[in-house]
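If you're wondering where the values come from, they're calculated on a predicted model, not measured in any experiment.
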Amino acid sequence: MEQRKKYEAKVEKVLEKRPERRKEFHTGGNLHLKRVYDPSDLKDFNYVQDLNYPGEYPFTRGVQPTLYRGRLWTMRQYAGFGNAEESNERYRYLLSQGTTGLSVAFDLPTQIGYDSDHPMAQGECGKVGVAIDSLADMEVLFNEIPLDKVSTSMTINAPASVLLAMYICVGEKQGVPANQLAGTIQNDILKEYIARGTYIFPPKPSMRLITDIFEFCSKNVPKWNTISISGYHIREAGSTAAQEIAFTLADGIAYVEAAKKKGLDPNVFGKRLSFFFNAHNDFLEEVAKYRAARRMWAQIMKERFGVTDQKAQTLRFHTQTGGSTLTAQQPENNIVRVTLQALAAVLGGTQSLHTNSMDEALALPSEKSVGIALKTQQIIAYESGVANTIDPLAGSYVIESLTNGIQQKAEEYINQIDDMGGMLVAIEKGYVQKHIQDAAYAYQRAIETNDAIVVGVNKFQIEENNKDMKLLKVDETVGERQIKNLKKMKENRDNIKVHDTLEAIRKAARDESQNMMPLIIDAVRNYATEGEICGILREEFGEYTENIIL
């Protein structure tokens, strides 16, 4: 304490001469940053509880006792464009370059349950991801990719049950039983209502489909992560770091409650819950965010839901570097941004990681840029040394203080959501959306006033010419080719069987006691399309209409 007083006296003399140095500093999430931290900042910090060993409750320091010393994180590059054949070629390239897991990006029609020949799909086929209409496309997508050796993540939400069914059927055709398939479906509909918008059905039937997947996979696809509860898109919409984990964990609470109402045991399905977080530029805050999220989820599962199985208490998460932080100006600078973000994710203990490509503010990533993004992960893994010890920043006064501060702020949001009646009510009232919008507006204003500096955008600009950059361009004929293949497939399938399987789905949709997954798998196996299946569910469940928050 005496030493601190001497330091403050010395600083005060400097500030008397340099008053401009009295400026206050905050993290990107607006947490106040002190000039310097010391042990007094951790006076409420319980080292025995909060700084326990990795693999021990509350898992602040990591969910595995050996972490990357046992196995490196999964290097899972998100990719998909055009048709299944083109995307398959990109996947096999990534695997040849050392990617250890696949991550499928679907085009917009696929994400909202329309086939490529639907009027709503016109002009969007294959543009922001791969077009998948039926099992025939899925077979091509994973051609020569052994599903018993590769884990696959699929960013799909409203029609997640259909795409999972397709994956299971591709495994069958490869001779890989469902109980050997490993991977993740995003399957997080609540964040679609909040931040992303690729919803189809209203909340109640959407939650039913999600819990049907929980139940089915617990019994039949035990290695599959049945949901990836996503803060990524919440952050991309403009939230702060504390809001990202608060709203993500609040979504997680809603899913656990829904599954418990269905009679499922959180000690069982809790082991297959996974999370998906963003990585932004405020390095120390991002590291602290991951640590706080792990500790909070463990406490929620243990204290709120009475979970006793430690594996079901753990928060396992995938990280993607921040797409919204990439700039079209001076795109090479994005390599540096992505490196810092990826390093924060690794120091925060992520289980898998996607690194964005430098040209993604201009187009879908080229083969060259995605190769650099993957090499970024490999250099961190094999050359930096940071993977050789677990939670290396633990005990840092500032890291522990920020971890506590983020948790405190996030818990305030969750308590407010609880007081409103839970996440569904909070979404309906626009509570979550408004907080995200306010945070996004505040950040944009900070850029416009130069209170936040973005290199190359509002400072250090240069005249540049990006005409020589080789950007990926999706073939404009992809939609025509996709529609032609879809028509041919429908002519060759057994349409009587397809009709019967679709009617079975319709009947099951009216009976909440029936799990719909086996029926969806049967329809997919007979080459019913995603649009046909979602069309039946649209007729039975209706479509969600967003309440505009003014």
Side-chain angles (χ1 to χ4, degrees), residues 80 82-88 104 106-107 109-122 124-126 129-145 147 152 154 156 158-178 181 185 200 209 212-213 216 220-221 477-509 514-541:
N83 62 20
E85 189 175 2
E86 292 169 301
S87 291
N88 173 264
V104 182
F106 296 100
D107 72 355
T110 304
Q111 291 182 49
I112 53 178
Y114 291 119
D115 289 336
S116 298
D117 59 358
H118 193 282
M120 289 289 286
Q122 188 173 358
E124 291 293 340
C125 186
V130 61
I132 299 293
D133 295 322
S134 73
L135 176 58
D137 293 320
M138 207 70 149
E139 290 166 359
V140 174
L141 188 66
F142 291 101
N143 182 43
E144 297 184 22
I145 296 174
L147 300 192
T152 302
M154 296 189 284
I156 196 73
S161 56
V162 182
L163 274 298
L164 175 58
M166 290 182 186
Y167 194 83
I168 290 170
C169 290
V170 172
E172 287 177 358
K173 288 180 174 292
Q174 289 190 6
V176 182
L181 296 174
I185 43 172
I200 303 174
L209 288 169
D212 276 0
I213 291 171
F216 178 82
N220 301 285
V221 202
T477 67
V478 65
E480 297 173 12
R481 289 184 282 126
Q482 191 70 12
I483 291 170
K484 183 178 178 181
N485 291 337
L486 178 59
K487 182 180 178 182
K488 184 177 179 180
M489 184 278 296
K490 287 182 177 180
E491 290 172 350
N492 293 329
R493 69 186 181 180
D494 187 334
N495 283 295
I496 294 175
K497 277 189 177 179
V498 170
H499 175 270
D500 291 344
T501 59
L502 290 173
E503 287 305 307
I505 290 173
R506 184 190 302 278
K507 185 178 178 181
Q514 190 167 359
N515 191 304
M516 299 184 67
M517 275 303 299
L519 298 173
I520 293 173
I521 291 171
D522 193 33
V524 163
R525 192 182 285 124
N526 285 284
Y527 293 90
T529 69
E530 182 204 39
E532 290 169 334
I533 295 170
C534 289
I536 292 290
L537 297 179
R538 274 186 168 94
E539 291 172 10
E540 296 302 318
F541 294 155

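Side-chain atoms of E144 and N88, non-hydrogen and from C-beta on, never get closer than 4.5 Å to each other. Considering only heavy atoms from C-beta on, I200 stays 4.5 Å or farther from F541 through its side chain. Annotation: side chain of M166 is not in contact with side chain of I521 (no heavy-atom distance under 4.5 Å). Side-chain contact between M516 and S161: absent, with no pair of heavy atoms (C-beta onward) separated by less than 4.5 Å. In this structure, the side chains of E503 and R506 come closer than 4.5 Å at one or more pairs of heavy atoms.
Expressed to the nearest 0.5 Å, how far CD of Q174 lies from CZ of F142 amounts to 9.0 Å. Between atom CZ of residue R481 and atom SG of residue C125 there is a gap of 9.0 Å, rounded to the nearest 0.5 Å. Taken from CG in N495 to NZ in K490, the straight-line distance is 9.0 Å, to the nearest 0.5 Å. Atom CD1 of I505 sits about 8.0 Å away from atom CG of D522, to the nearest 0.5 Å.
A donor and an acceptor atom, one from each side chain of S116 and D133, are located under 3.5 Å apart. With 3.5 Å as the limit, one finds no donor-acceptor pair spanning the side chains of E85 and N143.
Qualifying side chain to side chain contact (heavy atoms under 4.5 Å, CB included) partners for N515, counting only residues two or more places apart in sequence or in other chains: D212, E215, F216, M517, P518. Partners of E139 according to the side chain to side chain contact (heavy atoms under 4.5 Å, CB included) rule, which considers only residues two or more places apart in sequence or in another chain, are L135, V170, K173, Y527. Checked against side chain to side chain contact (heavy atoms under 4.5 Å, CB included), A160 has the following partners two or more places apart in sequence or in another chain: I156, I185, N187, I213. Shown here are the side chain to side chain contact (heavy atoms under 4.5 Å, CB included) partners of K497, two or more places apart in sequence or in another chain: D494, N526. The ring-ring contact (aromatic ring centres under 6.0 Å, His included) check on F106 picks up nothing, with sequence neighbours excluded.
A 6.0 Å sphere centred on CD of Q122 holds no more than 12 heavy atoms belonging to other residues, nucleotides or ligands.
For L537 against A509, the heavy-atom pair with the smallest separation is CD2-CB, 4.2 Å. The shortest heavy-atom contact between P109 and E530 is O-OE1, 4.2 Å. Considering every non-hydrogen atom in both V162 and C534, the closest pair reads CG2-SG, 4.4 Å.
Checked by atom type and distance alone, the side chain of N492 pairs as donor or acceptor with a backbone atom of K488 at under 3.5 Å. T501 places a side-chain N or O within 3.5 Å of a backbone atom of V498 that can act as its donor or acceptor partner. Formation of a donor-acceptor pair under 3.5 Å by the E86 side chain with backbone atoms of G126 is not found in this model. At distances below 3.5 Å, at least one donor-acceptor pair connects side-chain atoms of D107 with backbone N or O atoms of T110. Remark: the backbone N or O of A131 is not paired with any side-chain donor or acceptor of N83 at under 3.5 angstrom.
Applying the salt bridge (Lys or Arg N to Asp or Glu O under 4.0 Å) rule to pairs touching residues 158-170 yields nothing, sequence neighbours excluded.
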Stepwise, does the side chain to side chain contact (heavy atoms under 4.5 Å, CB included) test hold for R525 with E172?
-> CA-CA 10 Å; R525 192 182 285 124; E172 287 177 358; 2.8 Å; yes
Would D115 and K487 satisfy salt bridge (charged side-chain N to carboxylate O under 4.0 Å, His left out), going step by step from the backbone distance to the final call?
-> CA-CA 11 Å; D115 289 336; K487 182 180 178 182; over 6 Å; no
List the steps and the verdict of salt bridge (charged side-chain N to carboxylate O under 4.0 Å, His left out) for R493 and E532.
-> CA-CA 14 Å; R493 69 186 181 180; E532 290 169 334; 2.7 Å; yes
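For the pairing with M138, the side-chain contact (heavy atoms from CB on, under 4.5 Å) check across V524, V104, I168, I132 returns one residue only, I132. Across D117, D137, T477, a single residue satisfies side chain to side chain donor-acceptor pair (under 3.5 Å) together with Q482, and that is D137.
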